[in-house]
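This report refers to the structure that appears directly beneath it.
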Amino acid sequence: MAVKIKLKRLGKIRAPHYRIVVANSRTRRDGRAIEEIGLYHPVQNPSRIEVDSERAQYWLGVGAQPTEPVLAILKLTGDWQKYKGEPAPPPLLVAEPKATRPLFEALGGDNEGKGEAITQKKKTEKKDEAAAESASTEA
């Protein structure tokens, strides 16, 4: 039986995410898998890649063949170089946590005028004056 390490597609139409699985080469893309050894989320920035290195090394050691996309992922994580005995690649980028926005009060915001409208209603005053003038000219 030929064993492949391939991607199993999950997710919505324009928001795919994949699981890295070990499966028989004759099974469907999203069919039954022998084992799941990782995750790949390409939509996130930077892409989220998680591979169980120990299990990947085991399956490569017993003869499982990675598909081209999985081979590229294994090269990024360094598992392919580890299997071949080559030097490791530079570490992957990790998403930095987003900084929270400073509070308004911390920036020196004042508490004056809380609960009151800032803009004044000039348009309604003009309409009232125009209505009063037209009523006075008619009378």
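Sequence positions, counted from 1, serve as the residue numbers for this chain. Because the structure is a prediction, the values reported are computed rather than measured.
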Measure the CZ-CZ distance between R9 and R28 for me, rounded to the nearest 0.5 Å. 15.0 Å

Give the table of side-chain donor-acceptor pairs shorter than 3.5 Å for residues 31-41, with sequence neighbours excluded, one pair per line with atom names and distance.
unit_1 : atom_1 : unit_2 : atom_2 : d
E35    : OE1    : R55    : NE     : 3.4
E35    : OE1    : R55    : NH2    : 3.0
E35    : OE1    : W59    : NE1    : 2.7
E35    : OE2    : R55    : NE     : 2.8
E36    : OE2    : R19    : NH1    : 3.3

Should V51 and V62 be counted in the same cluster of Ile, Leu, Val, Met, Phe, Trp and Tyr side chains packed under 4.5 Å apart? yes

Evaluate the side chain to side chain contact (heavy atoms under 4.5 Å, CB included) criterion for residues T67 and K4: first the C-alpha distance (whole Å), next the side-chain angles of each, then the deciding distance (0.1 Å), finally the verdict. CA-CA 7 Å; T67 60; K4 292 248 181 205; 4.2 Å; yes

Shortest non-hydrogen contact from I5 to A64? CG1-CB, 3.9 Å

With heavy-atom distances below 4.5 Å as the criterion, would you say the side chains of Q57 and K82 are in contact? yes

If I compare all heavy atoms of S47 with all of P42, which pair ends up nearest, and what's the gap? OG-O, 3.5 Å

Side chains of residues 71-81: which donor-acceptor pairs under 3.5 Å do they make with residues two or more places apart or in other chains?
unit_1 : atom_1 : unit_2 : atom_2 : d
T77    : OG1    : I73    : O      : 3.3
T77    : OG1    : L74    : O      : 3.2
T77    : OG1    : D79    : OD2    : 3.0
D79    : OD1    : S53    : OG     : 2.6
Q81    : NE2    : K75    : O      : 3.3

Between S25 and K6 the two heavy atoms that sit nearest each other are O-NZ, 4.4 Å

Measure the spacing between CD1 of I49 and OH of Y18 and express it to the nearest 0.5 Å. 12.5 Å

Is it the case that one hydrophobic cluster holds both I20 and Y58, taking links as side-chain heavy atoms less than 4.5 Å apart, direct or via other members? yes

To check you understand the geometry: which heavy-atom pair defines the closest contact between P16 and I13, and what is its length? CD-O, 4.4 Å

Over all atoms of both residues, closest heavy-atom pair of A2 and N24: O-OD1, 3.2 Å

